[in-house]
Amino acid sequence: MTDETSKPTDFIREAVAEDLRAGRFNTIRTRLPPEPNGYLHIGHAKAFLIDYLVARDYGGVLDLRFDDTNPAKEETEFVEAIQEDARWLGIEWEKVIYSSDFFELLYEWAKKLVEKGKAYVDDQSPEEVSRNRGTLTEPGVESPYRDRPVEENLDLLERMKNGEFPDGSRVLRAKIDMAHGNMNMRDPVMYRIIHEPAHHRTGRKWCIYPMYDWAQGQNDAMHGVTHSLCSIEYEDHRPLYEWFLNELEIPNPPRQIEFSRLNLNYTVMSKRYLRRLVEEGHVSGWDDPRMPTLRALRRRGYTPEAILDFIDRVGIAKSPTTSDIALLEACVRDDLNRRAERRMAVLKPLKLIIDNYPDGLVEELEAVNNPEDEAAGTRGLPFAKELFIEADDFAETPPPKYYRLYPGNEVRLRYAYFVTCTSVDKDADGNITAVHCAYDPATRGGDAPDGRKVKSTIHWVSAAHAVQSEVRLYDRLFTEESPDKDSFIEYLNPDSLQVLTGCMLEPSLAEARPGDKFQFERTGYFCVDSESAPGKPVFNRTVALRDTWAKIQQKSHASR
RNA sequence: UGGGGCGUGGUGUAACGGCAACACACCGGCCUUUGGAGCCGUGGUUCUUGGUUCGAAUCCAGGCGCCCCAGCCA
């Protein structure tokens, strides 16, 4: 939206455009503020994309700033993982910086507030601080140390920094208003003492670390952020954000704007819950394809384009809402429908024998790689007397509206021939072991010269040429639409992973590499898993195709 | 009985005083060598009550409902 005449599409862009127009800022700079204490999930993707795209749309830039103000929680491991995931999404930043880069200057600024009489060292215990904060309806009680002389505050602060006092013994607090209706304004803590562990970047240089509220706005000001975009729960931190900047007399202070975070049904998004899923072994790890993390989505076969599209379609607003995961699924289908080449793969094989087809003959038939993209070309498919078809594509006694193969019915084998079912083989227990058909040689390629039609086309794989594979069918992790409560483990979907072995793939799939994506015709979109190996292929189902037949079945079951 | 935010089909967003629009989902139909894709159509007293106005989703007042805040987390 570099076009000056185009209209902002949301309230954030409206505000940015207005700030530019009014001359409040000449250029735009936003920042990603992840805390390096976990893997990114799709909720982060929304925040990241807003920061990135808003800056880009208005000719500005983005900085990646790791919010490493709490050594007790942060690890270098995540610094790299976060960048990897953000890059995968296509996000570009000008520089990578850390809150810890600003520790020195931030400390100087804190002393300025102390000198102004706007901050003080409090010797109350954490329990006392908490008790004296008051409640939502009752004002807090001022600390007995609140009016300590400036010199004493400065001395104590310096000694806190130098490590003279134990953790929890003292804090630096802003002196605002203990009776404020907004709890954040009741003399918020600016610095607390933390000796252990060593900080992942500054080591043991600092014994005090800034709280989020104290670090955030000042860091923004220090590297020239103009718009500090964040999620809605920080809305009542904004008065504090502005209070610090105002007391420090920062010219052209950055502006904080909040938007509602992404919630998705049928999943959980909080770091705590995700960690429980991993630690309790409900999933195989942070990249288990059922997780909402970006690495999991990537392994599952989601494309960055699909995620971008999803975030775009969800939009930006301030209302607390939950988006439908069906929209995310629609976005991948949309993207993969255009891009993924089609292949034939039989997930639950049933042997089909064409009795009147010559023994030993192998024909090569031509198949279209992607009907949505002519440039994708065609490929050859070996066809022979013995094939595998999907077990679901045959019914000895067809239910109502079943168009597929059943005794006496004629169907098309995709790109091959019309076949009519003539008989069924069964084992001693009565299970169907093979179906026999007769083919019509005149229908080669799939069209009948006499113009007769079939109601159904089914996919197949030549038995002699098939590549065997494991296929992992993924479904929603939870059966409950809103599992976001402490008892969420109860709502885990027992069928969220179904592992199929002995699946039969067309031979061209033998060459597929991890990450390659295909549509298995009539089944869904699949991606070669990272654990896949030559000779032992593993495919993940990204998402099933829309299945009208499943709906018909559901309805007939429901009405029964 | 504190402060802040938010209420538009099932879901998420648009409409910035002038015919409530789009996407997903759903339901019907058309089309189809994927029961895919594509195409067409159905579905709303804009939380509520009152007010201002020729005219209100939009402005004003009251009510109701939902979300966030009492970490030395972010």
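Throughout, a chain's letter reflects where its sequence line sits, starting with A, and its residues are numbered from 1. Note that these values count all heavy atoms, side chains included, but never hydrogens, waters or copies made by symmetry.
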Has the side chain of [X] got a donor or acceptor atom sitting under 3.5 Å from an opposite partner on the base of [N]?
X      : N     : answer
A:R342 : B:U34 : yes
A:D547 : B:G35 : no
A:R404 : B:G35 : yes
A:E372 : B:G38 : no
A:E14  : B:C16 : yes

Would you indicate, yes or no, if [N] has its OP1 or OP2 atom less than 4.0 angstrom from a side-chain nitrogen or oxygen of [X]?
X      : N     : result
A:R192 : B:C73 : yes
A:T321 : B:U13 : yes
A:T548 : B:G36 : yes
A:T9   : B:A14 : no
A:R238 : B:G4  : no
A:S319 : B:G12 : no
A:K555 : B:G28 : yes
A:R133 : B:C72 : yes
A:K551 : B:C26 : yes

Go through [options] for me and flag the one nearest to the [X] side chain.
X      : options             : value
A:Y234 : B:A74, B:A37, B:C24 : B:A74
A:T69  : B:C24, B:C69, B:A74 : B:A74
A:R313 : B:C6, B:G2, B:C24   : B:C24
A:K318 : B:A37, B:G5, B:U34  : B:G5

Identify the nucleotide, in any strand shown, that forms a Watson-Crick or G-U wobble pair with [N], with both distances under 3.5 Å; if there is none, say none.
N     : result
B:C22 : B:G12
B:G38 : B:C30
B:G71 : none
B:C66 : B:G5

On a whole-Å scale, what distance lies between the [atom1] atoms belonging to [N] and [M]?
N     : M     : atom1 : answer
B:C40 : B:C31 : C1'   : 11 Å
B:C30 : B:G35 : C1'   : 15 Å
B:C54 : B:G4  : P     : 35 Å
B:A37 : B:U49 : C1'   : 49 Å

- Could you check whether A:H237 gets within reach of a base, just the sugar-phosphate, or nothing at all, counting any heavy atom under 4.0 Å? base
- Task: Give A:E35 one of three labels, base, sugar-phosphate or nothing, depending on what nucleic acid heavy atoms sit under 4.0 Å from its own.
- Result: sugar-phosphate
- Can you check whether A:W549 stacks with the B:G35 base, using ring centres under 5.5 Å and planes within 30°? yes
Does the distance from a Lys or Arg side-chain N to an Asp or Glu carboxylate O, for [X] and [Y], drop under 4.0 Å?
X      : Y      : result
A:D187 : A:R146 : yes
A:E341 : A:K517 : no
A:R452 : A:E410 : yes
A:R201 : A:D101 : yes
A:R255 : A:E242 : no
A:K551 : A:D547 : no
A:R186 : A:E142 : no
A:E128 : A:R131 : no

Just the rounded figure in Å: distance from [atom2] of [N] to [atom1] of [X].
X      : N     : atom1 : atom2 : result
A:L308 : B:A23 : CG    : P     : 20 Å
A:D447 : B:U34 : CG    : P     : 11 Å
A:I458 : B:G36 : CD1   : P     : 16 Å
A:L264 : B:C24 : CG    : P     : 17 Å
A:W243 : B:G3  : CH2   : P     : 21 Å
A:K455 : B:C31 : NZ    : P     : 11 Å
A:H195 : B:C72 : NE2   : P     : 18 Å
A:E127 : B:C72 : CD    : C1'   : 10 Å

- Note on the structure: Of A:R414 and A:I232, the one whose closest nucleotide on RNA chain B sits nearer the 5' end is A:I232
- Message: Heavy-atom nearest nucleotide on RNA chain B for A:Q124 versus A:P371: which residue maps closer to 5'?
- Response: A:P371
- If anything within 90° of 0 is syn and all else is anti, what is B:G71? syn
